[in-house]
J.: 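Here's a structure for you.
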Amino acid sequence: MKRGSTLWPVAVGIGWRQPHYREVMAHSALDLDFLEVHTENFLAPGGAGRQLLLDAARRCPVSLHGVGLGLGSAVGVDYRHLQRVRALIEAVKPAVVSEHAGFTRVRHRHGIVHAHQPLPVPLSPRGLARLVSQVDAVQQGLGRQILIENLGAHVGWDEDVISEPDFLNALAERTGCGLLLDLNSVFVHALNRGLDDEAALRAGLGWLDGVEPAAVGQYHVSGHSRVDGLVFADHGSAVGEAVWSLYSHALTHIGARPTLIEWDNALPPLTALCGEVARARREQAALDRELIAPPPPRPSSRHERVRPTSPPTSRPTSRIAAERDTAPMPSTAVSQPPARDRRCLPDAELPNLPDVSNQPHLPDLADQQAGLVTALLAGPGTDIADLAPAGLRALAGITGGLPRALRAYQAHLSAQAERALAAVYPRLRERVEADEPGSFASLAWACWRRHPPADGDLGEWGEVLVGLLAGAEAEGLPPLWTAQARIEWELHRVARIADPQADLDSLALLGRLPAGAVRLVLADHVALHGCDAPGPRALLELASESFGSGPRHALMVWRDGWGAQSIALDGVTTRWFESLRAGLDLERALHEVGAAFDFSAWLSTAVTRGWLARVETVEMAVTPWGGR
């Protein structure tokens, strides 16, 4: 792997997924030019994942590929999410940042929910206007160009009147963004329209010929699968020969661009991924020299700006002015989209784009998007097509029509829900499967449907399972499941927080002031769970060690290094922690636990393990009558 923050046009990388984290980092001689990661997997400000990514970024270029911004969402961009993405970019300094040309966020019941998969916007002037406004706002917020990827959707809209290449060209022209061409999605989309393999390949070649070469910044190649009359761009197998043919055509008609081998599911050994990298390099080897170099800038005849060139780098293009690097982010997470940039080309200056935006029969875009997500959240036994919004249709070649297409989206979401909760609750999953085999997946899907994610980071979603389990105890669900979920959620939560910073200099107050004048402040990442009931008491066995010599009464969770740990406490130590949490001064806290408590031994352990944040005077403490 090679260090650096930019990518050569002939660079080839892989999607870096969890099973290969350690292996990739252990082999410095791998023939890889860059690593791509999913942005939302690394938004947590702390933890092992963030540190691993920072270590990787010091060794080779990194590409951030996201889905959480939902650029086509009619309810607007989530500016809190945008701020977190910008913080990650500032920390990692990626060579490329990319997103999708779709929507993810909708208003559902009384709040915003996140679909966690890009869904198609209408290929129409109003769909384009929505993307233009929000791509431009995101680029301004990030202070850099981003790449936008085409979708491999199963459904479309009656409103679709613009070809996808023309739609993407117009988006790049209006915003200065680059394009990320997913060649597998191009082929799969043609197959789902009812074309056979040969015709789908011809359609894909024509699709590529319609794309403006100067806007293209990256290629994705991956595998697909076919199940019961539906083709899935599932990134779970080797790249097919038809996709390699599209890649070869793209190289000779558009030029070399950084290329990603995208393999997300059913991951093979790392050697298999490197074999796909070698195949991409062989395809590149036949290129003429002029196809390897990025195309020259194409100045706009109307605007004093330069077209984005390929490959894009972290340097802002002239469309995204350099001063935006320091532009302040919006101060609140308001979901209203920003006003359209007045520099965007008006519809009249974009040829061959039909104007249907003023037709009175068009449903409200926000309602259409919300209707699609509502249909995907339908429960078992529901006629899902009846919930679909007006104007939605399945692609012509999908056997089973709209119900089949929507069920395919549902299956993807169900699997995603199970993966997300299994990552947070591994021991609970083992217990649930031991008691009722196969039920964890059903539990995860029920959790998703009843409490869909509101955030682009799925790591923020899993806490809803605790409430779902607690509410089901009256129906006979074991209380132990709820107790286990609470502990595992705390382990997950504290592992993600920013690295704690203890004020150890404040320990000097213990020697200078009387015990009644000072209080000990526990770190925010320390969480205490009582285990008095018979079921929760079994959770004490989760701890690998204990503190105190008496019988264990509580389980404490805290941040330890880049992960989380738990420890079982005896009754005296439990009362001690409860006293500190209650804000008692040191003298009263010691009185609560009595002479049997070894304060010196506890203090030494608390400092070593990071349980203690600081010592402060009683006057500094927050009181009901005011803060510090």
Side-chain angles (χ1 to χ4, degrees), residues 15 17-18 36-44 49 64-82 84-85 88 98-109 111-121 134 138 148-149 151-155 182 185 232-236 262 264-265 333 335 366 369-379 384 405-425 441 443-465 468 492 496:
R17 308 302 178 242
Q18 195 276 333
E36 183 194 85
V37 298
H38 290 154
T39 305
E40 284 72 30
N41 290 345
F42 296 91
L43 290 180
L64 296 180
H65 187 51
V67 71
L69 288 171
L71 297 174
S73 303
V75 296
V77 170
D78 181 349
Y79 285 111
R80 175 178 177 272
H81 188 88
L82 182 60
R84 297 173 73 189
V85 171
L88 180 62
S98 57
E99 260 283 351
H100 295 78
F103 77 91
T104 56
R105 304 176 68 245
V106 302
R107 190 169 300 282
H108 180 69
R109 295 177 184 164
I112 300 295
V113 302
H114 201 292
H116 278 278
Q117 64 176 336
L119 300 168
V121 297
Q134 295 179 174
V138 165
I148 303 298
E149 181 182 0
L151 297 188
H154 301 316
V155 297
D182 188 324
S185 290
F232 295 89
D234 56 3
H235 310 156
E262 192 172 26
D264 296 330
N265 302 300
S335 293
Q369 293 181 351
L372 174 51
V373 172
T374 297
L376 298 183
L377 296 175
I384 193 170
L406 295 177
R407 292 294 181 194
Y409 281 117
Q410 273 196 331
H412 173 79
L413 292 177
S414 177
Q416 191 163 345
E418 182 181 10
R419 287 194 301 269
L421 293 189
V424 178
Y425 302 101
L443 182 64
W445 180 229
C447 193
W448 187 287
R449 287 190 296 103
R450 298 179 191 178
H451 306 283
D455 194 281
D457 179 2
L458 271 181
E460 300 285 329
W461 171 66
E463 187 177 12
V464 298
L465 178 61
L468 185 68
H492 171 76
R496 288 165 49 86

J.: Can you find a pair of side-chain heavy atoms, one from Leu71 and one from Phe103, that are under 4.5 Å apart?
T.: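 Not touching, per the 4.5 Å side-chain cut-off.
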J.: Could you check, using the six-membered ring where one of them is a Trp, whether Phe232 and His412 have ring centers closer than 6.0 angstrom?
T.: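 For Phe232 and His412, the ring centres are not under 6.0 Å apart.
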J.: Take atom CZ of Arg419 as the centre, draw a 6.0 Å sphere, and report whether it contains more than 12 heavy atoms from other residues, nucleotides or ligands.
T.: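 Yes, CZ of Arg419 has more than 12 neighbouring heavy atoms, counting only those of other groups under 6.0 Å.
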J.: Which residues satisfy the side chain to side chain contact (heavy atoms under 4.5 Å, CB included) test with Ala370, sequence neighbours excluded?
T.: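 Val106.
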J.: Applying side chain to side chain contact (heavy atoms under 4.5 Å, CB included), can you list everything that pairs with Leu151, at least two apart in sequence or on another chain?
T.: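 Applying side chain to side chain contact (heavy atoms under 4.5 Å, CB included) to Leu151 gives His100, Pro118, Pro120.
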J.: Is any side-chain heavy atom of Val113 closer than 4.5 Å to a side-chain heavy atom of Pro453?
T.: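 No; the side chains remain at least 4.5 Å from each other.
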J.: Please check if the side chain of Asp182 supplies one atom and the backbone of Gly152 the other of a donor-acceptor pair under 3.5 Å.
T.: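 Answer holds: no.
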J.: Look up atom CD in Gln117 and atom CG in Leu376, then write down how far apart they are to the nearest 0.5 Å.
T.: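 So the CD of Gln117 and the CG of Leu376 are separated by 6.5 Å.
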J.: Between Thr104 and Ser73, what is the shortest heavy-atom contact and its length?
T.: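 Minimum heavy-atom contact is N-OG, 3.1 Å.
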J.: Is any side-chain heavy atom of His154 closer than 4.5 Å to one of Leu406?
T.: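 Leu406 does not reach His154 side chain to side chain.
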J.: Is the backbone of Ala74 close enough, under 3.5 Å, to the side chain of Gln369 for a donor and an acceptor to pair up by distance?
T.: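 Yes: the side chain of Gln369 pairs with the backbone of Ala74.
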J.: Using side-chain heavy atoms (C-beta onward) and a distance below 4.5 Å, is Leu465 in contact with Leu443?
T.: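 In contact.
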J.: Considering only NZ, NE, NH1 and NH2 on the basic side and carboxylate oxygens on the acidic side, decide whether Asp457 and Arg496 come within less than 4.0 Å.
T.: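 Salt bridge between Asp457 and Arg496, a charged N being under 4.0 Å from a carboxylate O: yes.
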J.: Which atoms form the tightest heavy-atom contact between Val121 and Ala101, and what is the distance?
T.: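 It is CG2-O, 4.3 Å.
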J.: Just do the side-chain contact (heavy atoms from CB on, under 4.5 Å) check on His451 and Glu463 with the steps written out, would you?
T.: CA-CA 10 Å; His451 306 283; Glu463 187 177 12; over 6 Å; no
J.: For residues Thr39 and Gly66, report the shortest heavy-atom separation together with the two atoms involved.
T.: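 Where Thr39 meets Gly66 most closely, the heavy atoms are OG1-N, 3.5 Å.
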J.: Is the shortest heavy-atom distance from the side chain of Trp461 to the side chain of Cys447 under 4.5 Å?
T.: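 Heavy-atom side-chain distance check passes, below 4.5 Å.
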J.: Dump the intermediate steps for side-chain contact (heavy atoms from CB on, under 4.5 Å) on Leu372 and Tyr409, then the final yes or no.
T.: CA-CA 10 Å; Leu372 174 51; Tyr409 281 117; 5.6 Å; no
J.: Which heavy atom in Val67 sits nearest to a heavy atom in Glu99, and how many Å separate them?
T.: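 In this case the closest contact between Val67 and Glu99 is N-OE2, 3.2 Å.
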J.: Which class fits the ring pair Trp448 and His116: parallel under 30°, tilted 30 to 60°, perpendicular over 60°?
T.: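 Answer is perpendicular, since the angle exceeds 60°.
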J.: Taking the side chain as every heavy atom from C-beta outward, state whether Ile384 and Arg407 have any pair of such atoms under 4.5 Å apart.
T.: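 Yes; the side chains approach each other to less than 4.5 Å.
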J.: Is the closest side-chain heavy-atom distance between His81 and Arg105 below 4.5 Å?
T.: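 No - every pair of side-chain heavy atoms lies 4.5 Å or more apart.
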J.: Check Ala233 against Ser185 and note the closest heavy-atom contact, atom names and distance.
T.: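 Closest approach of Ala233 to Ser185, heavy atoms only: CB-OG, 4.3 Å.
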J.: Check the orientation of His38 and His65. Use parallel for under 30°, tilted for 30 to 60°, and perpendicular for over 60°.
T.: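 His38 vs His65 ring planes: tilted.
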J.: For a 4.5 angstrom cut-off between non-hydrogen side-chain atoms, does Leu69 reach Asp78?
T.: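 The answer is no, as the side chains (C-beta and beyond) never meet within the 4.5 Å cut-off.
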J.: Is there a donor-acceptor contact under 3.5 Å from the side chain of Gln410 to the main chain of Ala405?
T.: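 No, because the side chain of Gln410 does not come within donor-acceptor range (under 3.5 Å) of the backbone of Ala405.
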J.: So which atom in Val77 and which in Gln134 form the shortest heavy-atom distance, rounded to 0.1 Å?
T.: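 Nearest pair, atom of Val77 first, then Gln134: CG2-CB, 3.7 Å.
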J.: Between Arg84 and Glu40, is there a salt bridge with N-O shorter than 4.0 Å?
T.: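 No.
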